[in-house]
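Residues take their numbers from the sequence shown, with the count starting at 1.
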Amino acid sequence: MEIVKAVLVVLGAYLLGSIPWGFIIGKWNGVDVRKVGSNNIGATNVTRCVGKKAGKLCFVLDFLKGALPVIAAQYVFRNASTVPMEYVVIAALFATVLGHMFPVFLKFKGGKGVSTAAGAVMALTPYALLAALLVWVVVFLASRYVSLASIAAAAVLPIVAWVFYLVDFGNQLARSPEVLIFLTIVSLLAILRHHANIVRLLNGTENRFGKK
């Protein structure tokens, strides 16, 4: 029975992650964000092409669709006897991020998963996320590159999480070796999804936020 619940939680996480809020918000405003700006369905492109309010709404919705499955997995499996909670949480986190990156509703062509991954990590290890967010803010204010800030935050997140593990800080689930290894994998995946941005940054052709 618990295995069936685990499958349903993970499937639900993927489907929730697949909801393309950026695309939906853009359509509500008469814009197909896949065809303008960076062609991405994430909050940054929505902000550029639709407006600040729309971008903020997109970020919140993408953030929540990352956090809710992880919270649900922890709640449903808090007293599980046959299925370890940390494995279901890992699977739910991975599923919702993959849903955003490869949404079934948009023929598996989605966003980079930063906002969704941030929501999932917040529900798992909020202190590590706060450290990564601080890095994001500093790098963004210094460079005005959203992509560079996101890459830096993704790189710092697993480092901070491992440091917390070594000093025995944070909740027990966040200090699970399996969770820490998975956070490292998710961070690497997020960085790889920025490969085109990395090329443009190296070539000096990446757009700063607020500029065409």
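The 12-atom threshold is exceeded at CZ of F105, counting heavy atoms of other residues, nucleotides or ligands nearer than 6.0 Å. More than 12 non-hydrogen atoms from other residues, nucleotides or ligands lie less than 6.0 angstrom from CG of L141.
Between the side chain of R193 and the backbone N or O of G113, no donor-acceptor pair lies under 3.5 Å. A distance-only check finds no donor-acceptor pair linking the side chain of H100 to the backbone of V97 [under 3.5 Å]. Remark: the backbone N or O of S38 is paired with a side-chain donor or acceptor of N45 at under 3.5 angstrom. Within the 3.5 Å criterion, the main-chain N or O of A123 finds a donor-acceptor partner in the side chain of Q74. In this structure, N203 contributes its side chain and V199 its backbone to a donor-acceptor pair below 3.5 Å. No side-chain donor-acceptor contact under 3.5 Å links N29 to the backbone of V31.
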Could you go through I198 and E206, starting from their C-alpha distance and side-chain angles, then the distance that decides it, and tell me whether this counts as side-chain contact (heavy atoms from CB on, under 4.5 Å)?
CA-CA 8 Å; I198 294 172; E206 178 78 325; over 6 Å; no

Does the side-chain contact (heavy atoms from CB on, under 4.5 Å) test come out yes or no for L201 and Y145, once each step is laid out?
CA-CA 9 Å; L201 285 166; Y145 288 121; 3.9 Å; yes

As a quick check of understanding, evaluate ring-ring contact (aromatic ring centres under 6.0 Å, His included) for F94 and F182, giving each step before the final call.
CA-CA 9 Å; F94 193 50; F182 181 71; 5.4 Å; yes

Go through the steps for V36 and R48 under the test side-chain contact (heavy atoms from CB on, under 4.5 Å), then give the verdict.
CA-CA 9 Å; V36 293; R48 282 198 182 106; over 6 Å; no

For a side-chain contact (heavy atoms from CB on, under 4.5 Å) check, start with the C-alpha distance between K109 and F102, then their side-chain angles and the critical distance, and finish with the verdict.
CA-CA 5 Å; K109 297 179 180 179; F102 308 103; over 6 Å; no

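Note that OG of S115 and CZ of F63 are 8.5 Å apart. Values are rounded to the nearest 0.5 Å. Expressed to the nearest 0.5 Å, how far NZ of K112 lies from CG of N40 amounts to 4.0 Å. Rounded to the nearest 0.5 angstrom, L157 CG and I191 CD1 are separated by 10.0 Å. Note that CD1 of I41 is 10.5 Å distant from CG of D32, once rounded to the nearest 0.5 Å. Rounding to the nearest 0.5 angstrom, the gap separating the CE atom in M101 from the CG atom in L192 is 9.0 Å. The CG atom of L106 lies 11.0 Å from the CD1 atom of I19; values are rounded to the nearest 0.5 Å.
Heavy-atom minimum distance, A128 versus V160: CA-CG1, 3.9 Å. Here the closest non-hydrogen pair linking S187 and P158 is OG-CD, 3.2 Å. The minimum heavy-atom distance between V10 and A92, with the atom names listed, is CG2-N, 4.2 Å. Here the closest non-hydrogen pair linking H194 and S150 is NE2-CB, 3.8 Å. What you find for M85 and R78 is that their closest heavy atoms are SD-CA, 3.9 Å. The nearest pair of heavy atoms linking G22 to V33 is O-CG2, 3.8 Å.
Residue V121 is not grouped with residue I159 when hydrophobic side chains (ILVMFWY) are merged at heavy-atom distances under 4.5 angstrom, including chains of intermediate members. In the hydrophobic cluster analysis, where Ile, Leu, Val, Met, Phe, Trp and Tyr join through side-chain heavy atoms closer than 4.5 angstrom, L124 is grouped apart from W162. Note on V135 and V114: separate hydrophobic clusters, where clusters join Ile, Leu, Val, Met, Phe, Trp and Tyr whose side-chain heavy atoms are under 4.5 Å apart, directly or indirectly. Both I24 and V50 belong to a single network of hydrophobic side chains, linked directly or stepwise wherever heavy atoms of I, L, V, M, F, W or Y lie under 4.5 Å apart. Hydrophobic clustering (side-chain heavy atoms under 4.5 Å, transitive across Ile, Leu, Val, Met, Phe, Trp, Tyr) groups V9 together with L11.
At least one side-chain heavy atom of I25 sits under 4.5 Å from a side-chain heavy atom of L61. Contact annotation: the side chain of Y14 approaches that of V104 to within less than 4.5 Å [non-hydrogen atoms, C-beta and beyond]. Side-chain atoms of V139 and I151, non-hydrogen and from C-beta on, never get closer than 4.5 Å to each other. The shortest side-chain heavy-atom distance between F77 and K5 falls under the 4.5 Å cut-off. Looking at F140 and L148, their side chains never come closer than 4.5 Å, going by heavy atoms from C-beta outward.
A tilted orientation is assigned to the rings of W28 and W21, their planes being inclined by 30° to 60°.
The closest side-chain donor-acceptor pair between T116 and D62, if any, does not fall under 3.5 angstrom. Looking only at atom types and distance, the side chain of T82 has a donor-acceptor partner in the side chain of E2 under 3.5 Å away.
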